[in-house]
Amino acid sequence: MKETILPKILVNNQGSLMGRVEVSGSKNAVLPLLAATLLTDETCVLDGVPNLRDVDVMCRLLEFFGAEVTMDPAASRIEVRAGSIATNIAQQDLVKSMRASIVAMGPLLARTGQAGIPLPGGCAIGERPIDLHLKGFAALGAEIRCDKDESGDILVSASASHLIGAEVYLDFASVGATENIMMAAALAEGTTVIENPAQEPEIVDLANFLNRMGAHIRGAGTDNIRIEGVSRLHGAEHTVIPDRIEAATFMLAAAITRGDVVIENMLSNHVVPVIAKLKECGIRIEEDYNGLRVDATRNDFRATNIKTIPYPGFPTDVQPQFMAFLSTVPGRSIVIETVFENRFMHIRELNMMNACITEDGRRAVIKGGAKLTGAHVRATDLRAGAALVLAGLAAEGVTEISDIYHIDRGYDGFVSKLAGLGAGITRTKPEHKI
Ligand code: UD1
C-alpha cells in the first residue's frame, strides 16, 4: 500500500528578522466577495486575490454551482461569471473542508429562491452554530428546513419565492451572518436593517463591492447597516483589501525574533489593538515609507494582558500568535478569549516547546521569559499553526510542524516571505512510500 507523508515546515532559529515584507489580499474578505459574484449573471473581476487553499475551495464551489471561474494567480486576479445556476445545494466535501462555504447561502437564496448546505453529522446547528444566519434568512421571509439524509448528514435549506426586507437583530455580532444577510437583503424587496452587525473591515469591503454591483447599502462598519433592496445586480471589478491578520502575524514575527521589519501593503487602522498592545509591551512601531515599521531590537519588554473582542476589539485571529510572543516576554501575562469557546489548542503545543502556559476555561496565564526549545508540534488550526511557526523562529534548535495544510488555507507564501526576512525556514515535499 502507498503511504503519503504530508509536507511539514522546519524552522531553525537564525536570529532576528530584518527587512521588508508585503502583505497579500485578505482571506476573510475575498471569500464572501467570491460568494457575492453569484448574485449576478454578469462577469465580476477581483484583483489582489491571495493564493490560498481556501480561495481554491471557494472557486471549486462556485464552479459546482455552475459559474465559470478563471483564475490568474500570477496576476492575483479572478474572474467569475455565474451566467446561470446549475444547482443551489452545496457539495458536501467542499463545505466540510471550509466552514466559510456557508456565505454562499445568502446569494443563492436571493438569486434562485432556495439554498441548501449540508452539515456534518450530529446536531450540527448546536455544535457549530449557524443559527444567526438562519435567523436572518427567516426574518427576510425564508422558510428554514433541517433534513437528515440516509447517512445521517444534515441538509439545512432556506427557501422563499421572494425575500422581503426586515429588521434583524444579531444576538452576537457574527461576521458570517452579517455577510450572508447583507447579500440576501441586497436583492430583497424593501429595506433591511441589521442591528448589532459585525463591524470588521471585511464587512465594509463586501458592502463596497455590492454597492459597485448596484446594491444600496449604508452603514457597513458601524453598529447599524441599512440595505435598500434592488431588483438586480450587475457585474463589477474590485480590489480586495490587504489581510490585517497576515499583517499582524508579521508584526509578531518581528516582535518574537527581536527583529526590525517594515510591513508593506497594510492598513494600520485595521490593526489598532495589535499596535497598541505591542507598544504596551515596549515595542517601537512607526509609519514608514509605504508601510509600518516594527522595531523590537531593544529587547526590554514588559508582559501584558489581552482580551479578544469582535472588531474593533483585539482580534481572536491574532490571539495564538500574540500568546507565542508573550511566552518569550518576562513576567505574567493573561489572555482571555471571548469570541470562540475552544481556541486554546496551541497551548499544549507551545508548552511542548518549553513555554509555561496554564489554561482555565477561556483564560490562559502565561509565565513568560523561558527560552523556547524546538520540538515536533502539530498545527491544530490555521492561526495556531502560524503561532507555532513564530515560536520556532525564536526557539533553540529545530522545530518541525506537521499538518501544515491548515497554514496553507490562509497564508499566501508564508514560508518564502519569512525566508525573505532572513528566517531559517523550509517546507518539506510530500513523500510517497510503498
Ligand atoms: C469569521 C472569520 C474568522 C474569525 C471570526 C471571528 C471568515 C471567513 N472567518 O468567522 O477568521 O475568527 O470571523 O472574528 O471571515 N456564532 C453563533 N451563531 C452563528 C454564527 C456564529 O453562535 O450563527 C458564534 C460562533 O460560534 C463564534 C462567534 O459567533 O463563537 C463568532 O463567529 P463568527 O463571527 O460568525 O465567525 P465566522 O464568520 O465563522
Side-chain angles (χ1 to χ4, degrees), residues 7-23 243 245-263 274 277-278 281-285 292-299 301 317-330 333 346-347 349-357 366 368-404 406-408 410-428:
K8 294 178 178 165
I9 289 178
L10 304 179
V11 191
N12 202 343
N13 181 344
Q14 284 186 356
S16 305
L17 298 191
M18 299 284 170
R20 302 179 86 92
V21 64
E22 193 178 321
V23 169
D243 195 311
I245 308 300
E246 187 194 3
T249 303
F250 285 122
M251 293 170 73
L252 284 153
I256 203 168
T257 62
R258 311 310 188 240
D260 188 351
V261 173
V262 176
I263 300 150
V274 181
K277 282 291 160 181
L278 283 172
C281 293
I283 287 168
R284 279 181 288 187
I285 299 181
L292 192 75
R293 180 175 173 199
V294 180
D295 176 2
T297 50
R298 213 167 42 188
N299 195 10
F301 303 141
D317 284 354
V318 184
Q319 177 261 106
Q321 305 89 311
F322 212 101
M323 190 184 288
F325 164 64
L326 289 175
S327 69
T328 68
V329 176
S333 298
H346 44 282
I347 291 181
E349 310 296 314
L350 287 172
N351 283 347
M352 281 166 63
M353 298 178 70
N354 202 37
C356 182
I357 308 172
I366 300 131
K371 182 74 192 159
L372 296 176
T373 51
H376 290 207
V377 287
R378 195 168 75 82
T380 50
D381 61 68
L382 167 57
R383 307 305 170 184
L388 296 174
V389 171
L390 300 195
L393 294 173
E396 224 166 67
V398 177
T399 300
E400 186 177 308
I401 301 151
S402 58
D403 288 354
I404 59 168
H406 287 295
I407 298 176
D408 296 338
Y411 286 95
D412 181 357
F414 198 36
V415 167
S416 56
K417 286 184 185 181
L418 287 169
L421 294 170
I425 184 167
T426 50
R427 181 189 172 103
T428 64

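Remember, it's a predicted structure, so these values are computed and weren't measured experimentally. One is the number of the first residue; the rest follow in order along the sequence. Values below: all heavy atoms of this structure, side chains included; hydrogens, waters and symmetry mates excluded.
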Tell me, do [X] and [Y] make a side-chain contact under 4.5 Å, heavy atoms counted?
| X | Y | value |
| --- | --- | --- |
| F414 | T249 | yes |
| I256 | Q321 | no |
| H346 | V377 | no |
| R427 | I407 | no |
| L278 | F322 | yes |
| I9 | I425 | yes |
| I283 | F325 | yes |
| L350 | L388 | yes |

Closest contact, heavy atoms only, [X] versus [Y]:
| X | Y | result |
| --- | --- | --- |
| N13 | A395 | CB-O, 2.9 Å |
| A423 | Q14 | C-OE1, 3.9 Å |
| V261 | L17 | CG2-O, 3.6 Å |
| A253 | L390 | CB-CD2, 3.6 Å |
| A254 | A296 | O-CB, 3.7 Å |
| G392 | V11 | C-CG1, 3.5 Å |

If you round to the nearest 0.5 Å, how far is [atom2] of [Y] from [atom1] of [X]?
| X | Y | atom1 | atom2 | result |
| --- | --- | --- | --- | --- |
| R293 | M251 | CZ | CE | 13.5 Å |
| M323 | R383 | CE | CZ | 15.5 Å |
| R20 | L421 | CZ | CG | 11.0 Å |
| Y411 | K417 | OH | NZ | 10.5 Å |
| L372 | E396 | CG | CD | 9.5 Å |
| K277 | I285 | NZ | CD1 | 12.5 Å |

Give a yes or no answer on whether the side chain of S402 reaches the backbone of K8 with a donor-acceptor pair at less than 3.5 Å.
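No, S402 side chain to K8 backbone: no donor-acceptor pair under 3.5 Å.
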Is there a donor-acceptor pair under 3.5 Å between the side chain of N351 and the backbone N or O of I357?
yes
Can you list the steps and then say if E349 with T399 is a side-chain contact (heavy atoms from CB on, under 4.5 Å)?
CA-CA 11 Å; E349 310 296 314; T399 300; over 6 Å; no
Who pairs with T328 by side-chain hydrogen bond (donor to acceptor under 3.5 Å, both in side chains), at least two apart in sequence or on another chain?
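Listed in chain order: R258.
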Apply salt bridge (charged side-chain N to carboxylate O under 4.0 Å, His left out) to D381 and list each qualifying residue two or more places apart in sequence or on a separate chain.
none
